[in-house]
Peer 1: 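Can you keep this structure in mind? I'll have questions shortly.
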Amino acid sequence: MGAIATLASAAMVLAACSSSGSKSGATQGALTASAPGITATTITIGSHQPLTGPAAPGYSEIAPASNAYFQYVNAHGGIFGRKIVYKYLDDGYNPTNTSTVVHQLVLNDHVYAIFNGLGTPTHQAVVQYLNSQQVPDVFVASGCSCWNNTSSYPDTFGWQLNYIREGKILGSYVEQHFKGKKIGYFYQNDEFGLDGVKGLDMVIPKSQVVSRQTYVPTNPKIGPAVAALKAAGAQVIVSFSIPAFTALLKLTSLGLNYNPMLVVSSVGTDPITLDGLLNTYAKKTGSFGKSLSNGIITDGYLPSVGDMSNPWIALFEKIHNKYDAKAPFDGNVLYGMSAAYTFVEAMFKAGRNPTRADLINAINAGLPQGVAVAPYAYSATDHDGITGAYIGMIKNGVLVPLGHVLTTKTSPGGAVTAINAPQPAPPASGIPSS
Amino acid sequence: MTLLKHAAAAVAVAIIIGLLTFRLDGYRDYQIAEVAAYVVAVAGLTILIGLSGQISVGNGAFMAIGAYTTALLQLHAGWLDHLHITGTWQITVILIASLLVAAVGGAAFGLAAARLRGPYLAGATLMLAVAIPVSVADKYAGVFGGDQGLGVTITTPSVLGPAFSPTRWLAWLTCAAALIVLIALANLSRSRVGRSWRALRDDEVAASLAGLNVARLQVLGFAISAACAGVGGGLLAIVSSIVSPGAYTLTLSIGLLTAAVIGGLGSIVGAVWGSALLVLVPSYLMNVAGSHGGKLFGLSSGSSPFVPIAAYGVVLIAVMLLFPTGIQGGVRRLFGPAVPRAAEPFGLLRRRGPASEHQEEGTI
């Protein structure tokens, strides 16, 4: 009887040992080719980016900035020793090209994941394909709320503050600070503008909105739209526009001797990009320096590039100067590096020899806040990314925050509330730990 | 007899492609599908220019018409489901509808265009290419989805089993459609209509004196070339799973024209060469650029995205210098028997037509 008990307990100890043995194997054993795109020494990921075409100014800086951060990680031990190979191909912001290059990345280059694919219309061309092939489609570079659809697109994750949330946060500022003023909307006639306006309308009373004007990115003649806003007597214009059209809006209204308060989505207000565009467009009438963007109210879901006291900005500027010095250190570069940081964080959580499903599960389990000013929404049922932003004003080419970080839900009922907790600092190494 | 010969050739090609898709990886299958979609459009254009002697810089617009027809019909496919037309049959019906809609569009435009010649005709078609896709899609964003466009989905038939590669199915579907169109065009080219087109291409006055209805033949040419572009657009929509105005810009129309010229005007086999170059050269160069970390020939990452476009231009110039009658013309000269006069599209024009007219054809 005693012998049997001893044997049984010995067997249990053995079993325990062997299971803990396999566990330690998972953290220290050999690096294997655990998934497509993963070898013993590399992780290959891909992306589609507008390196040429209408969206290239500004946005073409994003992928090289991400790559700079990956090079930094590679030079400091990589991800469990593997180096990241980031292959980003140009789609010229043309959805048909997006389809071609993404098929090439998945079928020919056998990438592990598509990371930070840029653009709403472009990425919509491939989201179904990527999910049908169960290729992780992480941190799409677009704030469309459409990426958060866990039933149809279980392998797709948004990243930046989505446009509905952004609309609500900007709307709550307008509603509080411009009570009784006449408000006009100016927005891009696609998911970007429509989602933004959806958010605005959840907060700003409809009776206060005197005019709603749209534009399409292919037609820069926005004179009639601005004239209509002026005729309606709008004292505040809330704009969901890309940088080029924010600049056009500012210059066209100046030309009409019309000087409303501008409240613009973060998409269209990176001060460095905007000042560059304003001075280019205004050349005929003289250079304005940084004065034209002064006073524009916007929001930020990443720390302000001008805030050198922020440890994240200090870290990324250091990496930028070493690996990506040719580009200006602006909002686009910060965006690319921040998304890359988030990817590295998710890869460490996915484990030493991850399958594609491991990455999805790791993000579904939630990610720490990191570089964003508000937490991520990630869970098994929510694939939205950053959930909040602060309101800020552009002063002399720098975004200066006004008050607390605000957060809200995408649903109409969710109130806009302040977050008081300070942003956590980056790890000393600049690389998220495993 | 000709039909039989063409059909036999097509079956042989189909078998080769079918076997090839099993040997090649998924991405090559996808590229085959892309080439097949373009071949249909380019073949229609090469017939228009090479046989009927009319030029079009606007066939991208007809591709857009076909593509949007495909997407809209699939979006509102309820009535087809009611008729129990589903799966591949549904796609077939939709593609035929795209063909018809584009053909009507082409005929309507052809009615106006039949009055124009040379650069004036090119200018009118250019307007079509610039105006149609972007402005119409944005104006009626509710119907056409604006800049975002419309999605198109395709499912692999369950008969082939769940493990069957979706891109292989895509290659089969597009190649089947392309072969059918090419057989039809090859027969048309040998038929009375084809001969009449050649006659009016070479000398309109003589053709009309011989009793040919010049205007009707020219409109027919436009309708058929537009119909091909419509099918090609529908196929491209299926291949890229989206239709958006950004894909049907002037660049596409010019691309089709260069593909037809590179391949050899009037030659259907040439259309295949031209389309293959149109798809493969940029993708190959982008790959080379990508494997050098985005830097090609020591260029900065800012300018290397333009290298594929520049290289395509270089290929175009090289082909035109080496083979003035296009790749297929070169192949015939190198390997084939002595060139029959009719196979050289502008040969007769060169001898008989006024010098200025030749100049116009050459510069476009």
Side-chain angles (χ1 to χ4, degrees), chain A residues 46 49-54 56 60-61 63-64 67 71 85-110 119-122 124-129 132-133 144 146 188-194 214-219 324 326-327, chain B residues 24-31 33-34 37 67 133-135 137-139 141 145-156 165-167 170 236-237 239-249 251-252 279 282-283 286-287 289-291 293-294 300-309:
Chain A
Q49 296 284 329
L51 304 179
T52 60
S60 62
E61 295 165 15
N67 205 27
Q71 281 172 331
V85 179
Y86 183 32
K87 187 160 188 188
Y88 52 93
L89 298 178
D90 180 26
D91 65 8
Y93 213 64
N94 171 349
T96 304
N97 291 351
T98 310
S99 192
T100 305
V101 299
V102 166
H103 274 87
Q104 178 182 341
L105 289 166
V106 172
L107 297 170
N108 199 41
D109 302 317
H110 304 287
T120 306
T122 45
Q124 276 191 334
V126 292
V127 63
Q128 234 161 13
Y129 169 72
S132 75
Q133 302 301 303
C144 182
C146 49
Q188 189 165 312
N189 200 3
D190 62 11
E191 303 263 337
F192 162 45
L194 294 171
T214 63
Y215 72 89
V216 289
T218 41
N219 181 5
D324 189 26
K326 267 190 220 159
Chain B
L24 296 171
D25 65 27
Y27 179 56
R28 296 290 164 218
D29 289 347
Y30 182 79
Q31 283 187 317
E34 269 192 306
V134 177
S135 60
D138 281 330
K139 188 94 188 153
D147 253 13
Q148 202 110 328
L150 302 166
V152 179
T153 51
I154 178 164
T155 43
T156 313
S165 147
T167 46
L170 215 52
L236 191 65
V239 171
S240 52
S241 66
I242 195 158
V243 188
S244 68
Y248 301 93
T249 53
T251 319
L252 173 70
V279 171
S283 124
M286 199 153 67
N287 242 347
S291 60
S300 72
S301 55
S303 44
S304 59
F306 297 100
V307 168
I309 307 164

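This one's a predicted model, so the numbers in the text were calculated from it and none came from an experiment. Reckoned from all heavy atoms, side chains included, excluding hydrogens, waters and symmetry mates.
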Peer 1: Between NE2 of A/H103 and CD of B/Q31, what distance do you get to the nearest 0.5 Å?
Peer 2: 11.0 Å
Peer 1: To the nearest 0.5 Å, how far apart are CG in A/N94 and OG1 in B/T249?
Peer 2: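 Going from CG on A/N94 over to OG1 on B/T249, the span is 6.5 Å.
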Peer 1: Checking B/V279 against chain A: side chain, backbone, both or neither under 4.5 Å from a heavy atom?
Peer 2: neither
Peer 1: Which value, rounded to the nearest 0.5 Å, describes the distance between A/L107 atom CG and B/R28 atom CZ?
Peer 2: 10.5 Å
Peer 1: Could you walk me through whether A/V106 and B/Y27 pass the side chain to side chain contact (heavy atoms under 4.5 Å, CB included) check?
Peer 2: CA-CA 8 Å; A/V106 172; B/Y27 179 56; over 6 Å; no
Peer 1: Give me the atom names and distance for the closest heavy-atom approach of B/I242 to A/Q124.
Peer 2: CD1-C, 4.3 Å
Peer 1: Side chains of B/Y30 and A/S99: any donor to acceptor distance under 3.5 Å?
Peer 2: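 Checked: A/S99/B/Y30 side chains pair up, N/O donor to acceptor below 3.5 Å.
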Peer 1: Non-hydrogen atoms of chain B under 4.5 Å away: do they reach the side chain of A/V101, the backbone, both or neither?
Peer 2: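 Just its side chain gets close to chain B.
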Peer 1: Counting only heavy atoms closer than 4.5 Å, note whether A/S60 contacts chain B via side chain, backbone, both or neither.
Peer 2: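 Contact with chain B is absent: no heavy atom of A/S60 under 4.5 Å.
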Peer 1: Which distance, rounded to the nearest 0.5 Å, do you find between the CD of A/Q128 and the CD1 of B/I154?
Peer 2: 12.5 Å
Peer 1: Which atoms of A/E191 are under 4.5 Å from chain B, going by heavy atoms: the side chain, the backbone, both sets, or neither?
Peer 2: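 Backbone plus side chain of A/E191, per the 4.5 Å heavy-atom cut-off to chain B.
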Peer 1: Please look at B/T167 and chain A and tell me whether the side chain, the backbone, both or neither of the residue comes under 4.5 angstrom of a heavy atom of that chain.
Peer 2: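 Just its side chain gets close to chain A.
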Peer 1: To the nearest 0.5 Å, how far apart are OH in A/Y93 and OG in B/S244?
Peer 2: 10.5 Å
